[in-house]
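Here you go, one structure.
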Amino acid sequence: MEKYLPKYVPFFTLLALSGLLFLLWNITSLESWNCQRVSTFYQLQNSIQSVLKTSEFFLPVEFNYSFCAHLGQEPNAEEAREESYLLKSIAWPEPLVLGLPLRQSSDPAQSYYIIQDPGDLQVGGQLVVKVQMHNFLGQPKKHGGDFLVARLHTPELAAGVAGQVHDHNNGNYTVFFLLLWAGVAQVELTMIHPSEAVMVLRRLREEQSDRVFFKSLFRSGYLSETTLCNLCLPHKQQPLCNYTDPQTGEPWFCYKPKMLDCDTRINHSKGGYKKHLLTVYESQFFQSGVNIKIPIHSAGVDNVTVQPAKVQTKGMHFEFTPSGYYYQGSWRPLSGVVMRQFNGSLVITQCLRGKMVYMYGDSTVRQWYEYLIAHVPELKEFNFHSPKNVGPYMAVDSNRNILLRYRCHGPPIRFTSVSSAEMHYISNELDGLRGGSDTVVVISIWSHFSTFPVQVYIRRLRHILIRLLKREPATLVLIRTANLQKLDPESSLFNSDWFSQQLDAVLRAMFKGLNVRLVDAWEMTLAHHHPHQLHPPSDIISNMVNFILSHICPVRRKRRRG
């Protein structure tokens with residue numbers, strides 16, 4: 001056998017080489033296929049992300065929340081009664097006839113107000129203004145429901161106060177002002193929306209709650225996908241990832257990625273705004289310069305002269321008492337606290353010495369954090385590498401034992417990108433606080449709920465309220481109300497002051513009588529001369545911060561000697 005072996009060596013060598021070449025060819029083909037597959041995944045990822053960048057996105061026309069009655073856990077009997085009471089308290093008057101043409105809707109240019117009894121007015125008294133709304137034909141309106149706001153102001157004194165508008169449901173309105181300073185005061189009346197527009201906004205809130213949509217990025221290794229997210233999603237389209245909070249039951253869902261698991265979600269962000277929400281008929285009631293935030297003028301004099309107080313006004317009945325007013329540019333609360341001016345970092349740090357201040361909520365409360373950081377150089381920020389304008393943020397003054405923190409609230413929130421790990425609900429954060437006289441909690445939560453049914457907001461506030469009732473009683477809690485903002489035809493559909501006013505009324509009712517202080521941002525922006533903005537300018541913010549600090553460090557009243 002050995003003598004025949006040499007002549008087979010070339011054959012076996014050739015066979016081995018052939019096998020090796022075949023193996024190399026397969027490896028190369030496999031690598032090529034893998035690269036092609038990864039390339040295909042990247043193409044799919046890029047196509048998804050490119051679609052997400054468009055404002056239209058892939059939303060079906062019929063997509064709304066009619067299939068999600070409660071958008072979360074169904075309330076128990078007591079909660080349902082509370083919810084019913086709150087919804088009735090903010091019920092808005094409807095037009096007698098729906099579908100009126102534009103020419104029969106409210107025209108602020110042809111409407112007017114008349115000052116009642118402008119003579120013999122004094123500080124501490126009340127000013128009454130009568131309003132008559134007319135349509136574009138010049139005819140008096142026969143029904144109410146227009147959204148009006150009013151203020152009384154004296155520019156030379158940098159003074160201003162909000163008024164209260166009473167709707168008589170017949171086209172007539174009465175405005176009440178409390179007279180708080182002497183001098184010539186000017187009446188300013190504004191129609192934010194006609195009643196016909198309010199009906200459209202109410203329809204959008206109930207039927208098109210998804211008009212702001214959200215997205216999340218999922219990633220594992222080289223693979224990443226982006227899908228739609230919201231409080232409620234049509235589950236028939238594709239499987240869902242359920243991110244409902246186990247402590248509060250607050251719902252949140254995303255469509256499940258096609259190639260990744262639900263636990264690979266890495267962030268949350270605003271997806272965009274839906275377009276083409278209105279019919280041609282409805283769009284008539286949202287025209288800049290015509291029926292969005294248009295002044296209503298006087299049919300006679302538009303100002304009054306207020307004399308210094310001559311008689312005692314204590315015990316007199318007034319239809320409306322504001323929370324405060326501006327004088328010489330400074331906010332003056334009418335009850336609860338003596339306003340102090342904290343000018344300079346030294347006086348601020350003296351007030352905050354030994355305090356832990358926790359700020360939770362949207363970007364309107366983040367403004368207060370940013371104000372303190374800008375005006376108190378002793379507060380040194382920790383770099384958490386957090387996205388700009390998102391947080392979380394933290395600053396300390398170790399010499400004075402001061403801690404200042406800000407964290408955004410949980411979804412829905414329209415920030416650019418928030419890490420999934422940082423999506424915390426305020427109520428859960430409150431559970432983690434020890435509380436006490438050295439703890440200050442500041443909350444602002446309203447703006448990102450404007451597109452959802454009011455029931456969603458009621459549930460969120462209820463969870464916060466329950467946690468606050470369980471806290472250490474000595475903890476100081478301040479809650480910021482909503483404020484007015486700039487509006488145009490598009491922003492009105494998402495951020496209208498009417499939405500904000502509805503949420504604001506619910507917040508005030510739910511926290512009434514509790515040991516919390518309200519920072520009345522609504523009146524502080526309405527009474528000021530600045531144009532309305534979502535993020536109020538610095539001089540309004542400084543008054544808000546002074547108001548907060550005045551509660552943290554109140555004026556000690558002198559004891560009377562017996």
Minimal non-hydrogen separation, G324 against V161, with atom names: O-CG2, 3.8 Å
Side-chain heavy atoms of H268 within contact of F214, under 4.5 Å: yes
F415 and S269, any side-chain heavy atoms less than 4.5 Å apart: no
Q502 side chain to R205 side chain, donor-acceptor N/O pair below 3.5 angstrom: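 The answer is yes; a qualifying pair exists.
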E282 (side chain) donor-acceptor with V200 (main chain) under 3.5 angstrom: no
Modelled atom types, side-chain donor and acceptor of D245 and T248, under 3.5 Å: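 Yes, a side-chain donor-acceptor pair sits under 3.5 Å.
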S491 versus D488, side-chain donor and acceptor atoms under 3.5 Å: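 There is such a pair (donor and acceptor under 3.5 Å, judged by atom type) between the side chains of D488 and S491.
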Rounded distance [0.5 Å steps], CG in L87 versus CD in E82: 10.0 Å
Separation between NE2 of H528 and CG of N543, rounded to the nearest 0.5 Å: 6.5 Å
H424 versus E429, side-chain donor and acceptor atoms under 3.5 Å: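 E429 vs H424: donor-acceptor pair found between side chains.
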4.5 Å side-chain heavy-atom contact, V516 and L465: no
Under 3.5 Å donor-acceptor, E378 side chain and S345 backbone: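 Answer holds: no.
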Heavy-atom side-chain contact between F511 and L461 under 4.5 Å: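 They are in contact (side-chain heavy atoms under 4.5 Å apart), so the answer is yes.
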Rounded distance (nearest 0.5 Å) linking atom OG1 of T475 with atom CG of L433: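 Answer for the OG1-CG pair, T475 versus L433, is 8.0 Å.
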Lys/Arg-Asp/Glu bridge criterion (N-O < 4.0 Å) met for R459, E79: no
Short side-chain donor-acceptor distance under 3.5 Å, D497 and H532: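 Their side chains do not contain a donor-acceptor pair, so the 3.5 Å distance test is not met.
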Residues D520 and R508 bridged, charged N to O under 4.0 Å: yes
More than 12 heavy atoms from other groups under 6.0 Å of CZ on F382: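 Count not over threshold, so no.
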Side chain to side chain donor-acceptor pair (under 3.5 Å) evaluation trace for N495 with R414: CA-CA 12 Å; N495 303 311; R414 304 176 205 163; 2.7 Å; yes
Value rounded to 0.5 Å, distance of CD in E83 from CD in E78: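 Interatomic distance, E83 CD to E78 CD, rounded to 0.5 Å: 12.5 Å.
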R265 to Y243 six-membered ring, cation-pi geometry met (6.0 Å, 45°): yes
From S427 atom OG to Y360 atom OH, the distance as rounded to the nearest 0.5 Å: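 If we round to the nearest 0.5 Å, S427:OG and Y360:OH are 11.0 Å apart.
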Cationic N near anionic O, under 4.0 Å, K380 to D397: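 Salt bridge between K380 and D397, a charged N being under 4.0 Å from a carboxylate O: no.
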L228 side chain near K215 side chain, heavy-atom distance below 4.5 Å: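 Result no, sub-4.5 Å side-chain heavy-atom pair not found.
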Side chain proximity check, H143 to P93, heavy atoms < 4.5 angstrom: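 Heavy-atom side-chain distance check fails, nothing below 4.5 Å.
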Donor-acceptor contact below 3.5 Å, side chain Q367 vs main chain P536: yes
Separation between NZ of K274 and CZ of F213, rounded to the nearest 0.5 Å: 9.0 Å
Any side-chain donor near an acceptor of the partner, S417 and N267, under 3.5 Å: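 N267 and S417 do have a side-chain donor-acceptor pair below 3.5 Å.
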Verdict with reasoning, F384 to Y393, per ring-ring contact (aromatic ring centres under 6.0 Å, His included): CA-CA 7 Å; F384 290 146; Y393 300 134; 8.5 Å; no
Side chains of T364 and S444, donor plus acceptor under 3.5 Å: yes
Evaluation steps, side chain to side chain donor-acceptor pair (under 3.5 Å), between S496 and H193: CA-CA 9 Å; S496 169; H193 294 300; 2.8 Å; yes
NZ/NE/NH1/NH2 to OD/OE distance under 4.0 Å, R202 and E94: yes
Heavy-atom side-chain contact between W522 and S500 under 4.5 Å: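 With C-beta onward as the side chain, the pair touches.
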Heavy-atom check, side chain of I192 versus side chain of L484, under 4.5 Å: yes
Under-2.5 Å SG separation for cysteines C254, C241: no
